[in-house]
2 protein chains.
Amino acid sequence: MSADRGFRMTPQRSVILDEVKGSGRHMTAGEIYERVRKRNPSMAYGTVYRTLHLFAERGLIQEFPFGDQASRFDGRIDRHDHVHCHECGSLHDVDVPSAIIARQVAEEQTGFVIDGHQTVFQGICPECQAKQKVTNRHDKQ
Amino acid sequence: MSADRGFRMTPQRSVILDEVKGSGRHMTAGEIYERVRKRNPSMAYGTVYRTLHLFAERGLIQEFPFGDQASRFDGRIDRHDHVHCHECGSLHDVDVPSAIIARQVAEEQTGFVIDGHQTVFQGICPECQAKQKVTNRHDKQ
DNA sequence: TTCCCTGCAAACCCTTTGCATTCAC
DNA sequence: GTGAATGCAAAGGGTTTGCAGGGAA
C-alpha cells in the first residue's frame, strides 16, 4: 500500500529525498549531489537530476527554477514566496498571504487558468547590510 | 548631453535597443539575435548578450531571468508581473497592484531591504484552454 | 592616439540523454 | 524474471569570455 507510489523507492532515491527534506535550505542540484555522494559515493549526477524531477512531479518536493542560476530544490511543499539577496545569493522563505489574491487579478486580466505562482523579492539580506556598513566605514564612498 | 550616457551608442546597440523596445513581446536573447541579424548580418552573439546586459544594468530594458529556460528581455521598464503558460510557454504582462504591499510583508519577515520583486503566475493561456477542449472531445479522457 | 566596442570562437555551467548494466518488485 | 532505475559519459542549450582587430572621441 505505502509501496504503491507508482515508482520504485531505491536506496538512491531514499537518500536524495532524505537530504532535500532534511536540510531546511534551498539547495541546487549540485549541492544535493555533493551531499548525497557522501552517503553513496557511486551516485551519478544524472540520477540526482532524474530523481529530483521525479519527486517534483509527484509533489514530494518543489523545484524552484531560480533566475539565471541553478534551480533550487525545496523540501517544503506548500506554496510560498522567496527573498533573494543579490549580494550573497542567499534565498529565504517568506509567507505573503496577500499574494494569493493577486492570482484572481491575474486571471481576470489575462483569461489564464492559473494554478500556481512564485514571487521572488530581491534585496539585501541583513548580513550583507551589516557588511556594507563596515565597508563604507573603510573606503568612504 | 544626451550623448553622456556613460557608454557609446554604436550602430549595433541602436539596433538592439530598437528591437527590444519595438516588439511588445518578451524575447529571448536568441530571438533578439535573429531579428537583429536581419538588419545587421555581421552582429555577433556575444555582442547581443553584452549589450542586453549593459542596457539592463542601466535600466533601459529589463532582463527577466525566466525559470529553467532562456532569459526574456522586456522593453517595458516599470515593475510588473507575468503570467506564464506551461503548455505553450507564452509569457504575458499583468499588473497586480496588491503585489506591492507584499514587499513590506517580506521586509518585515526577513529584515531584507527589498528593492525589487517579480512574480510569475503559472497556468494555461486561453488559446491552450481552447485546444485542450478540442483534444478532450477527440480522445475522451 | 587611446580606449571602448566588436566579431569570432572557444569555454563554461547547468542540465539532459543514450545505452548497457543492475536491481527492486 | 522483467521492466524500471542506475552509472557512465557524451551531448545539449544558454551564456560568458579572451583576444585581436576596428572605430569613435
Side-chain angles (χ1 to χ4, degrees), chain A residues 1-20 26-58 60-74 89 91, chain B residues 1-20 26-58 60-74 89 91:
Chain A
M1 188 174 200
S2 69
D4 184 20
R5 36 174 111 68
F7 61 88
R8 294 184 186 164
M9 188 49 78
T10 63
Q12 289 88 339
R13 290 178 175 178
S14 294
V15 172
I16 292 170
L17 186 56
D18 193 51
E19 285 293 338
V20 177
H26 301 80
M27 292 187 289
T28 63
E31 287 169 338
I32 294 165
Y33 172 72
E34 289 192 3
R35 291 178 65 142
V36 141
R37 274 236 146 192
K38 289 180 184 163
R39 293 168 60 177
N40 182 342
S42 66
M43 179 106 52
Y45 229 123
T47 301
V48 172
Y49 272 104
R50 276 185 289 234
T51 301
L52 289 170
H53 289 157
L54 174 75
F55 289 163
E57 270 172 31
R58 304 305 174 95
L60 277 69
I61 63 174
Q62 276 194 91
E63 175 170 4
F64 183 37
F66 172 49
D68 49 348
Q69 297 167 30
S71 281
R72 308 291 188 104
F73 294 86
D74 198 339
L91 190 66
Chain B
M1 190 177 201
S2 69
D4 184 20
R5 32 174 116 66
F7 60 89
R8 294 180 185 164
M9 186 50 79
T10 64
Q12 289 90 337
R13 290 177 174 180
S14 293
V15 172
I16 292 170
L17 186 58
D18 192 52
E19 285 294 338
V20 177
H26 301 78
M27 294 187 288
T28 63
E31 288 169 337
I32 294 165
Y33 172 72
E34 290 192 3
R35 291 178 66 144
V36 141
R37 273 237 146 192
K38 289 178 185 163
R39 293 168 61 180
N40 183 341
S42 67
M43 179 106 53
Y45 229 123
T47 301
V48 172
Y49 272 103
R50 275 187 287 234
T51 301
L52 289 170
H53 289 159
L54 174 75
F55 287 164
E57 268 173 32
R58 304 306 175 96
L60 277 68
I61 64 174
Q62 274 194 94
E63 175 169 7
F64 183 36
F66 172 46
D68 49 348
Q69 298 166 31
S71 282
R72 309 290 189 105
F73 293 87
D74 199 338
L91 190 65

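Here is the naming used below: chain letters follow the sequence lines, and residue numbers restart at 1 for every chain.
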Only counting residues at least two apart or in another chain, list the ones meeting side-chain contact (heavy atoms from CB on, under 4.5 Å) with [X].
X        : result
Ser14(A) : Met9(A)
Thr10(B) : Arg8(B), Gln12(B), Arg13(B)
Arg37(A) : Tyr33(A)
Glu57(A) : none

Side-chain donor-acceptor distances from residues 40-50 of chain B under 3.5 Å, at least two apart:
unit_1   : atom_1 : unit_2   : atom_2 : d
Asn40(B) : OD1    : Ser42(B) : N      : 3.4
Asn40(B) : OD1    : Ser42(B) : OG     : 3.1

request  = For Leu54(A) and Phe7(A), run side-chain contact (heavy atoms from CB on, under 4.5 Å): C-alpha distance rounded to whole Å, both residues' side-chain angles, the deciding distance at 0.1 Å, then the answer.
outcome  = CA-CA 9 Å; Leu54(A) 174 75; Phe7(A) 61 88; 3.8 Å; yes
Nucleotide N/O to protein N/O under 3.5 Å, stretch nucleotides 12-15 of chain C:
unit_1  : atom_1 : unit_2   : atom_2 : d
dT15(C) : OP1    : Ser71(A) : N      : 3.0
dT15(C) : OP2    : Tyr49(A) : OH     : 2.2
dT15(C) : O5'    : Tyr49(A) : OH     : 3.1

message = Any base atoms under 4.0 Å from Pro41(A), or only sugar-phosphate, or nothing? Heavy atoms, all strands.
response = nothing
key: Residues that Glu19(B) engages under side chain to side chain donor-acceptor pair (under 3.5 Å), provided they are two or more places apart   = Arg35(B), Arg39(B)
key: Rounded interatomic separation in angstrom, taking CZ from Phe55(B) and P from dC5(C)   = 11 Å
request  = Could you tell me the separation between the CE atom of Met27(B) and the P atom of dT15(D), rounded to a whole number of Å?
outcome  = 14 Å
Could you go over nucleotides 1-5 of chain D and give all protein N or O partners under 3.5 Å, atom names and distances?
unit_1 : atom_1 : unit_2   : atom_2 : d
dG3(D) : N2     : Arg8(A)  : NH1    : 2.6
dG3(D) : N2     : Arg8(A)  : NH2    : 3.3
dG3(D) : N3     : Arg8(A)  : NH2    : 3.4
dA4(D) : O4'    : Arg8(A)  : NH1    : 3.4
dA4(D) : O4'    : Arg8(A)  : NH2    : 3.1
dA4(D) : N3     : Arg8(A)  : NH1    : 3.4
dA5(D) : OP1    : Arg13(A) : NH1    : 3.0
dA5(D) : O5'    : Arg13(A) : NH2    : 3.4

request  = Can you pull out how bent the helix from dT1(C)-dA25(D) to dC25(C)-dG1(D) is, comparing the axes over its first five and last five pairs, to 10°?
outcome  = 30°
ask   = Between the base of dG7(D) and the side chain of Arg37(A), is there any donor-acceptor pair under 3.5 Å?
value = no
request  = Start with the C-alpha distance between Phe64(A) and His26(A), add both sets of side-chain angles, then the distance that settles side-chain contact (heavy atoms from CB on, under 4.5 Å), and finish with yes or no.
outcome  = CA-CA 9 Å; Phe64(A) 183 37; His26(A) 301 80; 5.6 Å; no
